[in-house]
Amino acid sequence: MKTRVFSGMQPSGNLHIGNFLGALKNWVRIQPDYECIFCIVDLHAVTVYQDPAALRAKIAEIAALYLAAGIDPKASSIMIQSAVPAHAELAWMLTCVTPVGWLERMTQYKAKAGKQESVGDGLLQYPVLMAADIMLYQAGIVPVGEDQAQHLELTRDIAERFNSLYGDTFVVPGTSLPAVGARVMGLDDPTQKMSKSATGAGHAVALLDAPDRIRKTIMRATTDSSPAVDFETAGPGVMNLLTIYQAFSATTDEAMKRQFTGMRYGDLKKQVAEMVIAHLEPFQQRYRQIVSDQGYLAGVLREGAARVAPIANETVRLVKERMGLYT
Ligand code: ATP
Ligand code: MG
């Protein structure tokens, strides 16, 4: 039997090249070797307020982006988190074995809570729901970007704690990070990771941005005070641009050094922009084709949820039995 893989994206904004290089590209790469479930985690998105109509539209958009990237709905299941109620049910049971202190330590909680006037409890519980998503399917591998590594560690702690309290129940999942592009930084501020929920105009390249806009965003990216690329001394902005080029082009470290050492930043940016556009243009064409058939898209999502629901329901049944709850 193939090891199961689970991963997801929040429909909380426009998917960007960080989401692609950190996660989506890796999903497509490992898809043939595993039994994969790729989720649109809408219950996670509502941990901060989302406009209902915009959220509904984003869910369909993200499903189409998964397909455009090369997720094959025959081989992998694409599903919406809230279509399978077991996610929320297991999250409650796991909440009851998770110390609050573990959650308060999470970097993402501290960063996102700091931006809210009033902090919803969902923001604190976020990693428990994420643990439930993964453990519900007994996933062995979770391909994510580097920012989610801490939540994966927490997932393992929760799984181990449950197993020690109630007997061996859950697979303890491993984390899979890409070698290059695991943490793409903001183009306006290379000390912050690129995020969907960040608002600055020059912050991110979205997967659906037009070529002109991509050029503009990359040409305006923050670099440093040196005139040209020096791999020994380059600041985070220059390193970020080099990483983006390398991740899209799959260039080796040695070839990167040969190609870019001594290059002026303006020329570096031009080359990065053209590399990104060359990859995103065919991707956007596929996307436009897919969204033109909403009936097909709805069918993919319905089928995905129907395929995975029995796995999820069986886990909840087992957990209830272990905990002494009604089955
Ligand atoms: P939000 O700001 O709403 O949290 P996000 O950009 O962080 O949005 P998520 O939906 O939270 O996106 O994450 C989806 C996937 O993309 C996760 O696997 C995450 O690790 C990965 N990811 C997010 N940002 C980056 C980034 N800057 N570089 C690499 N991977 C990333
Ligand atoms: Mg995030």
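Start at 1 and go down the list; that is how both ligands and their atoms are numbered. Just so you know, residue 1 is the first one in the sequence shown, and it goes up from there.
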* Asked: Taking distance alone, with no angle check, do M194 and ligand 1 share an N/O pair under 3.5 Å?
  -> yes

* Are any of the heavy atoms in G181 under 4.0 Å away from ligand 1? -> yes

* atom 6 (O) of ligand 1 - nearest protein heavy atom and its distance -> H16 NE2, 2.8 Å

* Asked: With the threshold set at 4.0 Å, does a side-chain nitrogen-carboxylate oxygen contact exist between E274 and R215?
  -> yes

* Asked: Quick one: nearest non-hydrogen protein atom to atom 9 (P) of ligand 1, plus distance?
  -> K196 NZ, 3.4 Å

* So which protein heavy atom does atom 30 (N) of ligand 1 come closest to, and at what separation? -> G18 O, 3.1 Å

* Structure fact -> Closest heavy-atom approach to atom 5 (P) of ligand 1 among M130, K193, Q148, M185 is made by K193

* Go through the side-chain N and O atoms of Q108 and D147 and say whether any donor and acceptor fall under 3.5 Å apart. => no

* Structure fact -> V316 meets the side-chain contact (heavy atoms from CB on, under 4.5 Å) criterion, sequence neighbours left out, with A86, E89, L90, M93, L136, K320

* Got the closest protein heavy atom to atom 15 (C) of ligand 1, with its distance? -> M9 SD, 3.9 Å

* Distance-only side-chain donor-acceptor flag, Q259 / Y245, under 3.5 Å -> yes

* Neighbour count >12 (heavy atoms, 6.0 Å) for atom CD, Q116 -> yes

* To do: Answer yes or no: does an N/O atom from G8 fall short of 3.5 Å to an N/O atom of ligand 1?
  => no

* Step through the shown structure and confirm whether more than 12 heavy atoms of other residues, nucleotides or ligands are within 6.0 Å of NZ on K216. => no

* To do: May I ask you to check whether S12 has an N/O atom sitting below 3.5 Å from an N/O atom of ligand 1?
  => yes

* Asked: Quick one: which ligand 1 atoms are inside 4.0 Å of a heavy atom on A182?
  -> 28 (N), 29 (C), 30 (N)

* Asked: Who's the nearest protein heavy-atom neighbour of atom 4 (O) of ligand 1, and how far?
  -> K112 NZ, 2.6 Å

* To do: Within a distance under 4.0 Å of any heavy atom of A23, pick out the atoms of ligand 1 and give their elements.
  => 18 (O)

* What atoms of ligand 1 come closer than 4.0 angstrom to any heavy atom of G22? -> 29 (C), 30 (N)

* Min N/O separation Q10 to ligand 1 under 3.5 Å -> yes

* Tell me which one of D147, I62, I40 gets a heavy atom nearest to atom 20 (O) of ligand 1. => D147

* Got an N/O contact under 3.5 Å between V144 and ligand 1? -> no

* To do: Answer yes or no: does atom CZ of R220 have more than 12 heavy-atom neighbours from other residues, nucleotides or ligands under 6.0 Å?
  => no

* Would you kindly say whether Q246 and D253 are connected by a side-chain donor-acceptor distance under 3.5 Å? => yes

* Asked: Should G145 be counted as touching ligand 1, given the test is an N or O pair under 3.5 Å?
  -> yes

* Asked: Going by the order shown, which atoms of ligand 1 are within less than 4.0 Å of some heavy atom of S195?
  -> 2 (O), 6 (O)

* Asked: How far is atom 2 (O) of ligand 1 from its nearest protein heavy atom, and which residue and atom is that?
  -> S197 OG, 2.5 Å

* Asked: Looking only at protein heavy atoms, which one is nearest to atom 28 (N) of ligand 1, and how far off is it?
  -> V184 N, 2.9 Å

* Pair Y109, Q150: side-chain N/O donor-acceptor within cut-off below 3.5 Å -> no

* Whether N19 lies under 4.0 Å from ligand 1, heavy atom -> yes

* To do: Find out if a path of hydrophobic residues (ILVMFWY) with successive side-chain heavy-atom gaps under 4.5 Å connects V119 to W102.
  => yes

* Please check if any side-chain donor atom of Q31 sits under 3.5 Å from a side-chain acceptor atom of S76, or the reverse. => yes

* **Pairing residues for F38 by the ring-ring contact (aromatic ring centres under 6.0 Å, His included) criterion, not counting sequence neighbours** => W27

* To do: Check the hydrophobic clustering (I, L, V, M, F, W, Y; side-chain heavy atoms under 4.5 Å; chains of links allowed) and say if L43 and I78 are grouped together.
  => no

